[in-house]
Amino acid sequence: MSEAFTPRYVCVGSIFIDDIVFPDGRTKMAVLGGAGTHAAAGVAVWGERPGLIANAGTGMPESALQQLQRDFDLAGVQQVDVPQGRAWQIFEWDNRRTEIFRTENMAPFAFFPDPERIPEEYTHPEAATVLRGAVGARKWRAFYRDIIMLWEPDSLYMDAANLPEYRETLTLPEIISPNLIESQRIYGIDDAQTILRQMIDDGAHIVALRMGEQGSLVAAEGKTGMIHIPPVPVPEIIDQTGAGNCYCGGFVVGWNRTRDLKLAGCYGAAAASFALETFGLANSAGADISEVREARLQWAIDHAQMV
């Protein structure tokens, strides 16, 4: 019997099947997506084989299953007897995205599995990304006490009514990475730099504020100023779905390897660029991407600036 694989990185989130609708009416159906899988793809860009912690339902397309098996370790994926989570991803011309769930019972994919159900080889990774609301983030932080944890707040949680709880919870993980639109909603503040400073004042340790086509802003407690990391250009943008999740996976690899704030953000930006070039997950398997990856990382390093 072969020894169980122990991943250095695990990604807690969801597996979704996305049906994408573009502003010009084009569609792309049955695309493998989900916050957990996109974050794991961002880890995989850097030559790692992450462990995926998520629930999988019935009716998973065979092509999606094959891609999951190819790119990730699936010992942390739990099979549940409900239809596989599926959603419309509807994009507007200004890049706004509306997500409409097509599956009636989304709870197994949004909130589970719990930490107690993961395999032994997943209990001591070096780092984890966690896509959950505050309750889930607290639960996973209690389980993963001594590792690097990046919390990506669930989009449905980011509401002004949850601000007090959000402020309490953002002190717990080493890294928190919300996106700008959701942060504007929960804080009631428009300016990105003001939001980032507020999060540091509220007790966040490291913040990577994702801003879509504007790139990202990163900052840390005790450090002066913040760093703007622009998006890495690609020959053609095919689909932006999941690029932010992919950034989170790349960021946590960069931070784990370097403990350098600027470099971590550049790892995230380079990983996200691969997500933009394809439908669904960033494709890091098969062809050797190391040369392109290193060139994109260097571009991000060269163009990152203090603000």
Side-chain angles (χ1 to χ4, degrees), residues 13 16 18 20-24 28 31 33-35 37-39 41-42 45 87-100 129 131 150-159 175-199 206-219 226-252 254 262 264-282 296-297 299-300 303-305 307:
F16 271 21
D18 290 329
I20 302 170
V21 181
F22 296 97
D24 61 4
K28 184 71 173 179
V31 175
T37 45
H38 281 295
V45 163
W88 291 107
Q89 305 291 346
I90 304 172
F91 285 93
E92 308 293 348
W93 290 110
D94 62 359
N95 294 324
R96 286 182 296 115
R97 175 172 63 98
T98 301
E99 183 175 57
I100 302 175
T129 66
L131 187 289
L150 181 150
W151 178 32
E152 182 184 355
D154 181 83
S155 60
L156 296 179
Y157 175 80
M158 297 291 279
D159 183 89
I175 307 159
I176 179 169
S177 183
N179 75 30
L180 177 58
I181 293 174
E182 293 159 5
S183 297
Q184 290 169 333
R185 189 166 67 235
I186 197 167
Y187 272 110
I189 300 171
D190 289 333
D191 181 68
Q193 293 188 34
T194 303
I195 290 172
L196 194 149
R197 282 191 290 268
Q198 185 63 62
M199 293 180 67
I206 297 171
V207 179
L209 182 62
R210 295 173 284 118
M211 306 184 297
E213 63 184 8
Q214 300 175 61
S216 63
L217 283 173
V218 296
M226 58 190 71
I227 305 167
H228 175 246
I229 300 165
V232 174
V234 299
E236 182 183 9
I237 295 177
I238 302 297
D239 176 24
Q240 60 184 303
T241 310
N245 311 121
C246 197
Y247 175 100
C248 290
F251 189 101
V252 83
K262 175 182 173 180
C266 292
Y267 268 70
S273 72
F274 288 94
L276 297 172
E277 295 183 303
T278 185
F279 291 109
L281 304 189
R296 292 184 181 183
L297 174 62
W299 186 96
H303 290 81
Q305 296 182 351
V307 294

### Query
So which of Val252, Thr129, Ile175, Asn245 actually passes side chain to side chain contact (heavy atoms under 4.5 Å, CB included) with Glu152?
Asn245
#### Entry: Separation of Met211 CE from Ile181 CD1 (nearest 0.5 Å)
11.5 Å
## Note on the structure
On a heavy-atom basis, the closest approach of Ala208 and Phe251 is CB-CE1, 3.8 Å
### Message
For the backbone of Cys248 and the side chain of Ser177, can you confirm whether one donor and one acceptor N or O come within less than 3.5 Å of each other?
### Response
no
### Query
Sub-3.5 Å donor-acceptor pair from the side chain of Asp18 to the main-chain atoms of Ile20, do we have one?
no
### Message
Measuring from atom CG of Asn179 to atom OG of Ser216, what distance do you get when rounded to the nearest 0.5 angstrom?
### Response
12.0 Å
### Task
Of all the heavy-atom pairs spanning Ala282 and Val45, show the shortest one and how long it is.
CB-CG2, 4.2 Å
### Query
When rounded to the nearest 0.5 angstrom, what distance separates CH2 in Trp88 from CD in Glu99?
13.0 Å
### Over all atoms of both residues, closest heavy-atom pair of Ile229 and Lys262
CD1-O, 3.9 Å
### Message
Using 0.5 Å steps for rounding, measure from the OG1 atom of Thr241 to the CZ atom of Phe16.
### Response
12.5 Å
### Task
Locate the shortest heavy-atom distance separating Val234 from Leu276; write the atom from each residue and the value.
CG2-CB, 4.5 Å
### For Leu209 against Ala192, the heavy-atom pair lying closest together
CD2-O, 3.6 Å
### Task
Would you mind reporting whether Gln214 and Pro230 have side-chain heavy atoms less than 4.5 Å apart?
no
### Query
What residue pairs, at least two apart or across chains, pass salt bridge (charged side-chain N to carboxylate O under 4.0 Å, His left out) with a residue in residues 268-280?
Glu277-Arg296
### Query
Between Arg185 and Asp159, is there a donor-acceptor pair closer than 3.5 Å when you use the side chain of the first and the backbone of the second?
no
### Query
Relative to each other, are the rings of Tyr157 and Trp151 parallel, tilted or perpendicular (30° and 60° limits)?
tilted
### Query
Are side-chain heavy atoms of Ile176 and Ile206 found at a separation under 4.5 Å?
no
### Query
Okay, side chain of Gln184, backbone of Asp190: is any donor-acceptor separation there less than 3.5 Å?
yes
### Message
Please find the pair of heavy atoms, one from Val307 and one from Leu217, that lie closest to each other, and give the distance.
### Response
CG2-CD2, 3.9 Å
### Query
Is any side-chain heavy atom of Thr194 less than 4.5 Å from a side-chain heavy atom of Tyr187?
no
#### Entry: Met226/Val218 under side chain to side chain contact (heavy atoms under 4.5 Å, CB included): CA gap, chis, key distance, verdict
CA-CA 6 Å; Met226 58 190 71; Val218 296; over 6 Å; no
#### Entry: Spacing of CD belonging to Gln240 relative to CD belonging to Glu213, to within rounding of 0.5 Å
8.0 Å
### Query
Say you draw a straight line from CG of Asp239 to CG of Leu281; how long is it, rounded to the nearest 0.5 Å?
10.5 Å
### Task
For residues Pro153 and Glu182, determine if any side-chain heavy atom of one lies less than 4.5 Å from a side-chain heavy atom of the other.
no
### Query
Is Ile238 atom CD1 crowded by more than 12 heavy atoms from other residues, nucleotides or ligands, each under 6.0 Å away?
yes
